[in-house]
Structure formats: structure tokens, C-alpha cells
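In what follows, a structure is listed as C-alpha cells, so that the remarks can point back to it.
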Amino acid sequence: MDPLRLLTRSTKFAKKSTSTGTQIHTPSSGPASNPQLFDHGNDSQAVNRKRKRGNDTVTASLDFFGGGASTKEREAEQEAQDASEAQSSLQQEQAAAPVAMSIEESKQLLGRHKIKIAVFGNDDEAPAKKKKKKEKTIKDKKVSQSVGAHATPLYPAPVSDFSSLAPRYRISKALLRNIKDNGYSTTTEVQLAALPILLDTRAHLLAQEQSKAQQQQQQQQQQEEEPILDVDLLSIAPTGSGKTLAFMIPLIHALVLARRSQAPSGPQAIILAPTKELASQIANEGRKLALNTAVRITNVRKGMHLGSDPSPDADAPGKEVPPVKADILVSTPAALKNAIGDVDTTSHALSQIRFLVLDEADVLLDPLFRDQTLAVWNALSSPSLRLGFWSATMGSNIEELVKATIKNRAARLSETSSTPVQIAPFVRLVVGLKDSAVPNIDHRLIYAATEQGKLMALRQLLHPTSTGVDKQPVVRAPFLIFTQTIERAVALHSELLYDIPAEAGGISRISVLHSDLSDTARDHVMTRFRKGEVWILITTDLLSRGVDFRGINAVINYDAPTSAAAYVHRVGRTGRAGREGGVALTYYTDDDVASIKTVANIIVASQKQKGAAGGTTNIQQWLLDALPTPSKRDKQQLKKRGIETRRSASGKDSKTGKPKARISTKSGYIRKLENNRKGAVAASKNPRESGDASDSGESFGGFEE
Ligand SMILES: Nc1ncnc2c1ncn2[C@@H]1O[C@H](COP(=O)(O)OP(=O)(O)OP(=O)(O)O)[C@@H](O)[C@H]1O
């Protein structure tokens with residue numbers, strides 16, 4: 001089924017742009033053959049030179065609307081392929097000797113993948129040690145410039161293929177099997193670099209100045225030891241680049257090892273995410289990876305209680321809530337804060353949590369969530385708590401906040417704890433250009449002048465014509481539409497409700513998701529969108545972070561995002577895991593002109609990242625020169641409040657006195673009917689006047705300016 005065909009009321013298209021759907025490769029037509037963004041496939045040979053692997057294609061498949069084999073056929077094919085591979089592959093993996101790589105080789109490989117890693121020592125360390133580090137940094141000027149004055153570059157041997165985890169780190173068979181069963185073979189850039197850092201910490205931290213023989217000996221020793229995850233890691237990697245796996249695999253591995261020596265009596269790791277949708281997705285991904293490993297992963301929900309003893313049930317007097325039983329808790333900060341409640345920070349339950357991971361760390365430490373996140377972090381009293389901070393964007397202020405919090409917490413704990421508090425080496429990993437949008441999608445910035453212009457442009461997308469006058473790329477469902485506020489999302493949903501023809505599924509194909517809906521309604525919409533029942537999902541920034549729909553073909557910023565980070569995350573819902581063919585389309589009106597340069601700059605940087613092979617930039621230099629550069633204050637204001645004229649549904653802007661930009665809450669179809677009725681009444685009174693009105697394009701008059 002081709003949704004584009006069904007949505008299209010016009011008939012003829014140039015062959016190249018539409019037709020059967022087989023000519024254009026879109027994210028929904030299946031996974032990319034290589035999930036990496038940079039240096040496609042050039043390194044597997046280099047890294048796995050001792051182990052020739054057969055078929056490296058990624059098998060995870062989600063085909064929203066693509067043609068080809070049916071799901072059953074594909075599953076059968078997959079099973080057959082898996083069965084034949086499984087036996088020989090597992091034997092090979094167990095037999096293969098760990099591949100030792102020289103630092104020079106690692107450095108080159110990491111460089112080709114645009115990966116930079118730096119380790120920051122403890123600032124309080126001896127001055128002599130500091131001096132040595134500085135000398136080292138100067139020696140390697142190229143890297144040191146990019147990582148900062150007090151950082152030492154780090155070159156762990158990359159893991160280019162998941163199967164090499166078994167011989168290198170003795171990953172449990174169940175975990176390895178789950179990785180494979182979920183269709184993962186080649187690692188993405190962030191996994192390639194983060195896995196050795198988190199699984200092989202000490203060997204590589206110490207390996208910087210060691211010979212190959214010493215490294216091997218070090219690796220050997222480390223494999224027999226526990227614990228792992230001896231660094232705090234801040235990782236900045238593009239949207240959709242597989243950060244979830246990069247932190248989840250080492251976590252599960254650590255907990256599997258811990259279980260071998262002692263049965264756990266409560267949670268040992270916490271993963272925080274800003275939204276319920278993301279927390280639930282992480283918990284699901286985690287459970288798939290932890291299958292048959294005995295590691296239990298729970299998504300924290302209202303009413304759960306974290307502590308050593310049962311607590312009184314607030315909803316049912318006289319009853320008690322037992323403490324949650326899990327090894328890894330996944331939660332939003334608010335839900336976890338509730339679950340902790342008034343549990344004493346010295347309690348066993350909180351002191352035995354050894355790992356804290358902040359997914360979308362920059363937003364979790366942004367003023368919006370900061371207090372809740374810090375409350376959870378500070379409640380964890382283990383002196384050896386290890387930390388992970390992950391996002392596609394990370395302001396330097398957030399990094400400073402992280403470092404300061406680590407130090408302050410250690411100082412506070414040292415006063416009360418008899419056990420020495422360990423401040424671990426702090427490692428920063430950056431993939432690609434920091435804070436940039438994914439290069440493998442087509443970014444478009446479209447001037448729509450007014451609110452009516454935006455609606456017309458959006459309708460042209462839904463019903464493309466063969467005339468080619470719209471100059472917009474052809475966008476195929478499924479796609480996401482972002483608005484600035486909940487109110488506008490709801491209004492746009494009502495506006496477009498009848499735009500999808502009944503033969504294509506009608507109103508059931510379009511939906512809206514925002515935080516004012518109940519949890520059940522949110523879950524329901526997410527499920528229907530994931531299943532492919534909903535094709536167009538209108539939403540707010542609620543869905544801009546972390547949520548992975550795999551086969552999304554386009555992101556439409558109906559209202560321009562209000563910060564560079566918001567752009568990066570919103571458009572990052574398409575083009576995931578290296579999928580090509582995604583489109584990110586941003587409309588801007590006269591109200592956005594003062595601030596849109598921030599988005600334009602991100603687009604240009606992303607297209608430059610793609611390199612010469614990626615073709616031309618869609619944004620002309622004259623436009624960049626013409627757009628005003630917003631001041632820092634304007635940017636802050638915009639991030640906080642958005643475009644003022646879009647903030648409220650009615651009335652005039654209190655500051656400027658300008659009319660506000662509104663979206664009607666009646667569908668275009670209903671309004672058209674009403675207009676027709678009104679027109680008929682008017683025509684009966686004054687035929688000439690009504691004739692003029694019907695020619696004026698009133699059917700798009702949903703926006704009042
Ligand atoms: N090595 C891999 N090979 C193929 N697909 C992968 C690989 N690793 C992850 N993926 C897939 O890539 C998609 C994106 O992964 P994930 O959600 O972890 O990205 P992310 O980096 O956390 O993105 P965001 O910054 O948007 O949160 C998922 O569908 C996941 O299954």
C-alpha cells in the first residue's frame with residue numbers, strides 16, 4: 001500500500017518522484033545496510049582481520065509501507081538464515097582470539113569515524129601529574145585542541161562488530177544472543193567507541209603509554225576481574241545513533257557479573273529519561289537485551305516504592321506497597337522522586353545503587369527537570385556510584401554542572417561516609433560535529449510568510465499535485481508534525497482531520513499526542529503509530545527527544561523549533577540508524593525571521609558534515625547573510641517562551657498588540673461546509689457579494705492573524 005498514492009487526489013506524477021514506491025529509498029522501506037554515519041564499512045576489515053565474518057547485514061526490520069516480501073516470508077527467511085549462522089558463528093566467536101590493536105591503528109579508525117575521546121583527571125590531583133598530562137596534550141596537538149586544555153586524548157580499540165564482544169570481554173552468551181536476535185551486527189560509531197571504554201576501562205586508560213605486549217597482559221588480567229564501568233562517561237552522539245545499546249549492554253553485563261558473586265537484594269542501576277514515552281521505550285529495549293540473563297528491568301510507574309521495606313499505600317489506607325523488585329529501574333525523574341519518597345538516603349536500597357544513567361542528560365539537567373534530577377542523584381549514597389550522561393546535544397554549561405555536581409557530592413559524602421569516596425576519571429566522547437543534526441537526511445527550510453501560507457504548504461504536502469509548483473520535496477507517510485504548543489497541536493489536528501480520504505483510512509490515519517492526554521491515551525496513540533495504523537502524528541516537543549519510530553520518513557516543523565537543540569532532536573526522529581531518504585522540513589513565517597538563523601546554521605553545518613559527496617546545501621549564502629543573528633538574550637527568551645504570537649489561542653499579544661497566530665479548532669472540511677451554508681444564505685440575499693467571497697480562498701481560512 002502506498003499512502004502517498006492514497007493521499008494524492010491528483011493523478012499523474014513524474015516517474016522519478018513517486019509511483020510504485022520502489023524507486024525512492026525511504027526510512028520506512030527498511031533498515032540501512034550499515035548503521036554507521038561516517039566512514040561506511042571501511043573498518044570492519046581492519047578491525048576483524050583475524051576473523052572473517054560472512055554476512056554483516058543488519059536484520060532488524062520494520063517496514064511500515066514498503067513493498068517486497070510479506071512479514072511472514074521475511075520472518076521465515078530470517079529464521080532460516082539465523083539457524084544456519086548461529087551454530088558456526090557462536091563457535092567462531094568463542095574460538096576467536098581477542099584482536100589487539102595498536103594505539104596508532106585505533107587512533108586512525110576513531111578519526112575516520114569522527115570520534116573524539118578525552119579523559120579528564122581529578123582536578124585535585126598532584127601538580128606533577130598534571131604537568132605530565134599537559135606535556136602529553138601538547139605532543140598530540142591535533143586532538144588536544146579539540147578536547148580542551150586539561151584533557152588527555154584516549155584511543156580505545158574500537159569494537160566494530162558485536163560478535164567480537166565475546167572473545168574480548170566474555171559477554172554472557174544470553175546477552176550476545178539477544179544482541180544478535182535483535183538484528184544488531186555492526187556497531188554504530190557511539191557503540192564502537194563507548195563499549196570498549198565501559199567494558200574495558202582500566203586496560204585502555206592505562207594503555208596510553210604501554211607496549212602491545214603490556215596491553216595484552218593488562219587485558220588478560222582485566223578479563224578475570226570485576227568490577228567494570230570504572231569511569232564516568234559523558235557521551236555526545238547524533239540522534240538515532242544507538243546510544244541506548246551503548247549504555248545498556250555494559251550495564252547488563254556488569255549486573256550479570258555482579259549476580260555471579262552475589263544475588264542482588266534490590267535495584268542496582270537507575271536510568272532516567274525526560275518523558276514517559278522514552279522511559280518505557282528504554283525499558284522495552286533493555287528487556288529484549290536482558291532476556292534469559294536474569295537481569296530484571298522495570299519501568300517505574302506511579303505507586304511503586306523504592307526502599308528496603310514495604311511502605312503504606314497512599315491510595316488504600318491500611319495496605320502496604322512492597323519495594324520494587326528489579327535490577328535496573330527506568331524512570332522519569334518525577335516518577336522516581338515519588339518512588340523514593342521519604343526513604344532515608346542512608347538506607348540500604350539507595351546506597352546499593354551503583355550506576356546512574358541520564359539519557360537526554362542536557363534536558364534532564366536543564367532548569368525544567370534540574371531539581372528533580374539532582375534530587376534523585378543526590379539521594380544515591382553509594383561512594384562508588386558510576387555515572388553516564390548521554391545526548392545528541394550538550395551545552396558546555398551542562399558539562400560544567402555535571403563536573404561540579406560530581407565534586408560537591410563527593411565532598412558531601414566524604415564528611416558522612418567512612419568508606420573513601422571514589423571520583424572516577426571523567427571521560428568525554430563526541431561523535432561527529434557536536435550539537436549538529438544528522439547528515440543523512442534532506443533538510444529543507446521553507447518560507448511560508450504567514451500562518452495561512454504554512455497551512456497551504458502543509459496541505460500541498462498531503463495532497464501533492466503534478467504541477468510541481470509547490471517546490472516541496474515529496475513526503476511519504478508516516479511522518480511527524482511538530483507544533484509549538486499543545487493548543488496548536490490540538491487545533492491543527494482538528495483542522496486536518498478530514499484531509500485524508502476515506503479510502504485511505506480517513507480520520508483514523510491522523511492523530512495527536514501531547515502531555516495533557518492521560519497515560520492510557522498516550523500509550524494508545526504511540527502503539528497505533530508504531531503499528532503503522534496512524535500515518536500522521538501531530539505533536540509537541542514531548543516527542544522530540546529519544547523516541548524511536550525507526551521507519552519515520554519525515555519530520556515537519558510546522559512551527560519552527562525554538563532552539564538549535566530542539567531542531568536537532570526533532571529532526572532526529574527520522575534518518576535513524578543510518579537510514580537514508582528521510583526529510584526534515586521546517587516552515588517559517590515573518591514571525592520567525594528574527595530567530596530562524598539558528599536553525600539555518602544547524603542545517604548548513606549538517607550538510608557540510610555530509611561532505612562533498614552529499615551534494616549541495618539547500619540554504620543559499622545570501623539567505624544566511626540576510627537573516628538577522630539573534631542575540632543571546634533573544635535566544636534564551638525564545639527557548640523559554642517560543643514565538644509570542646503562537647502562545648495563546650485568542651486575543652492580541654499583550655506586548656506588541658499584534659493579533660495572535662491562531663489555528664482554528666474546527667476542521668477545514670467542517671468550516672468549508674459552514675462557509676458553503678453561510679455563502680448560500682448570503683447568496684440568496686446578495687448573489688454578487690457571495691460570488692466574490694467563494695473565490696478568495698476562504699476554505700483555508702483556519703488561521704486568524
Ligand atoms: N548497531 C546497530 N545496528 C543497527 N541498528 C541499530 C544499532 N544500534 C541501534 N540501532 C537502532 O537504531 C535506532 C536508534 O537507536 P537509539 O534509540 O538507541 O538512538 P539514540 O542514539 O538514543 O537516539 P536519540 O538521540 O534520538 O535518543 C533504534 O531503532 C535501534 O534499534
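Counting starts at 1 for both ligands and their atoms, following the listed order.
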Any heavy atom of [X] closer to ligand 1 than 4.0 angstrom?
| X | answer |
| --- | --- |
| Pro238 | yes |
| Arg573 | yes |
| Ser241 | yes |
| Arg545 | no |
| Gly240 | yes |

Checklist line | NZ (Lys403) with more than 12 external heavy atoms under 6.0 Å | finding: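 For Lys403, atom NZ is crowded (more than 12 foreign heavy atoms under 6.0 Å).
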Test of understanding: given a 4.0 Å heavy-atom threshold, classify the contact between [X] and ligand 1 as side chain, backbone, both, or neither.
| X | value |
| --- | --- |
| Trp390 | neither |
| Thr186 | backbone |
| Thr244 | both |
| Gln191 | side chain |
| Pro35 | side chain |
| Lys243 | both |

The single option from Ile398, Leu358, Thr332 that satisfies side-chain contact (heavy atoms from CB on, under 4.5 Å) with Leu364 is Leu358
Note: heavy atom closest to atom 11 (C) of ligand 1, options Gly546, Ser391, Ala577, belongs to Ala577
Fill in: Cationic N near anionic O, under 4.0 Å, Glu399 to Arg428
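A salt bridge links Glu399 with Arg428.
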Describe, in one word, how the ring planes of Trp377 and Phe389 are oriented to each other, choosing from parallel (under 30°), tilted (30 to 60°) and perpendicular (over 60°).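 It falls in the tilted class, 30° to 60°.
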